[in-house]
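Input: a single structure, listed below in structure tokens.
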Number of protein chains: 2
Amino acid sequence: MTETAWHEELRAKGYRVTPQRQLVLEAVKALGHGTPEEICAKVQQTARGVNISTVYRTLELLEELGMVTHTHLNHVAPTYHLAAEADHVHLVCRGCGEVSEVRPEMADGLVKGLEEELGFVADVRHLTVFGRCRGCRVA
Amino acid sequence: MTETAWHEELRAKGYRVTPQRQLVLEAVKALGHGTPEEICAKVQQTARGVNISTVYRTLELLEELGMVTHTHLNHVAPTYHLAAEADHVHLVCRGCGEVSEVRPEMADGLVKGLEEELGFVADVRHLTVFGRCRGCRVA
DNA sequence: ATAATTGCAAACACTTTGCACCGTT
DNA sequence: AACGGTGCAAAGTGTTTGCAATTAT
């Protein structure tokens, strides 16, 4: 999606292009992964402040537009990231807490099995696998 | 684990066997899956009331003892179930909200891939796959 | 008896909502 | 002027904590 494409899309739907919305999207892009709180903090440090409730409202809007998605990597707050870069499975290490990503094909077997056996269509992009990374495995 | 085995285990660790703890465990067993709130409600209907904060404290304890585990099936509250029956992957349908379970072997390919490629040991029992079930797929 | 456990209410963290004000169109 | 968007503060959730009273051992 080009720089202006989503501006058009917003206007087409009767929404407005505001600095806050651009800032939030920038922050999500810059962070890669971020909770609403983190996104809000990121915006503060870059420029003018954006209220936390605006961040929530904006993320909801951006998600509705299909520009961001969220998953639940930890047990408290959701994590948002760009939808365009969301085509991956999340890995969360219980030891060090590190979050990583792997290509979605890793889950092909699972997806295929669920599809064939149950007719269940899995949304791999929302998939998060908890476990222990190489470093934390032994410890 | 036999009926009395965990009583012993509790006592051995200096914990006490209280009616509340038994009721909460019963409720988890009866519900299969349940949020703290649901578990609390279940307990109310069966017998004397147990305070919600006691439910939280008890679930934490039971989890520490390895008798229950929890996963995050929806975006609001965690879902607890018996650890003994936890050896399965959860499926959550975004359409009807139905929660189902499939045998963990379904994820073998994914698990093996992560292990071989990254040395990441996945905890399949905590795995939840979001998607659409057969019935909701088309709708 | 004594130390763990409970219930209750207050405190918390995260999220949503109502509303007056502001900025675009 | 009309309407969407924002900030702020208040209201909602779900969860945790301090503490006095209760209860298992």
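Just so we're on the same page: letters track the sequence lines, and every chain starts at 1. Just so you know, these numbers come straight off a predicted model, no measurement behind them. Values below: all heavy atoms of this structure, side chains included; hydrogens, waters and symmetry mates excluded.
For the pair B:Gln22 CD and D:dA24 C1', the computed distance is 11 Å after rounding to whole Å. Distance, A:Glu60 CD to D:dG5 C1': 14 Å, rounded to whole Å. For B:Glu37 and D:dT13, the CD to C1' distance is 9 Å, given to the nearest whole Å. Rounding to whole angstrom units, CG of residue A:Leu59 and C1' of D:dG5 are separated by 15 Å. Regarding B:Leu23, its CG atom lies at a distance of 13 Å from the C1' atom of C:dT6, rounded to whole Å. Between A:Ile52 atom CD1 and D:dG5 atom P the separation is 19 Å, expressed in whole Å. Taking atom CZ of residue B:Arg21 and atom C1' of nucleotide D:dT23, one finds them 12 Å apart after rounding to whole Å. Straight-line distance from the CD atom of A:Glu38 to the P atom of C:dC14: 10 Å, rounded to whole Å.
In this structure, A:Thr54 reaches the D:dG7 phosphate: one of its side-chain N or O atoms is under 4.0 Å from OP1 or OP2. Note on B:Asn51: a side-chain N or O is less than 4.0 Å away from OP1 or OP2 of C:dC8. Phosphate proximity of C:dG7 to B:Gln20: present, with a side-chain N or O under 4.0 Å from OP1 or OP2. An OP1 or OP2 oxygen of C:dT6 is reached within less than 4.0 angstrom by a side-chain nitrogen or oxygen of B:Thr18. For D:dC3, the OP1/OP2 oxygens have no side-chain nitrogen or oxygen of A:Arg16 closer than 4.0 Å.
Placement of A:Leu114 and B:Val92 in two distinct hydrophobic clusters is found when ILVMFWY residues are connected by side-chain heavy-atom separations under 4.5 Å, directly or transitively.
With C:dT6, D:dT15, C:dT17 as the candidates, the nucleotide lying closest to the side chain of B:Pro78 is D:dT15.
A:Arg134 contributes a side-chain N or O that, together with a main-chain N or O of B:Leu118, makes up a donor-acceptor pair within less than 3.5 Å. At distances below 3.5 Å, not a single donor-acceptor pair connects side-chain atoms of B:Arg11 with backbone N or O atoms of B:Val17.
Comparing B:Tyr56 and B:Arg11 along DNA chain D, the residue whose closest nucleotide (by nearest heavy atom) sits nearer the 5' end is B:Tyr56. Between A:Val17 and B:Val17, it is A:Val17 whose nearest contact on DNA chain D lies nearer the 5' terminus.
Ring-plane geometry between B:His81 and B:His33 is classed as perpendicular, the angle between the planes exceeding 60 degrees on a 0 to 90 degree scale with a lower cut at 30.
In summary, B:Glu117 and A:Arg103 engage in a salt bridge, as defined by a charged side-chain N under 4.0 Å from a carboxylate O.
Within 4.0 Å of A:Ser53, counting heavy atoms only, lies at least one base atom of the nucleic acid. Using a 4.0 Å heavy-atom cutoff across all strands shown, A:Arg57 reaches at least one base atom of the nucleic acid.
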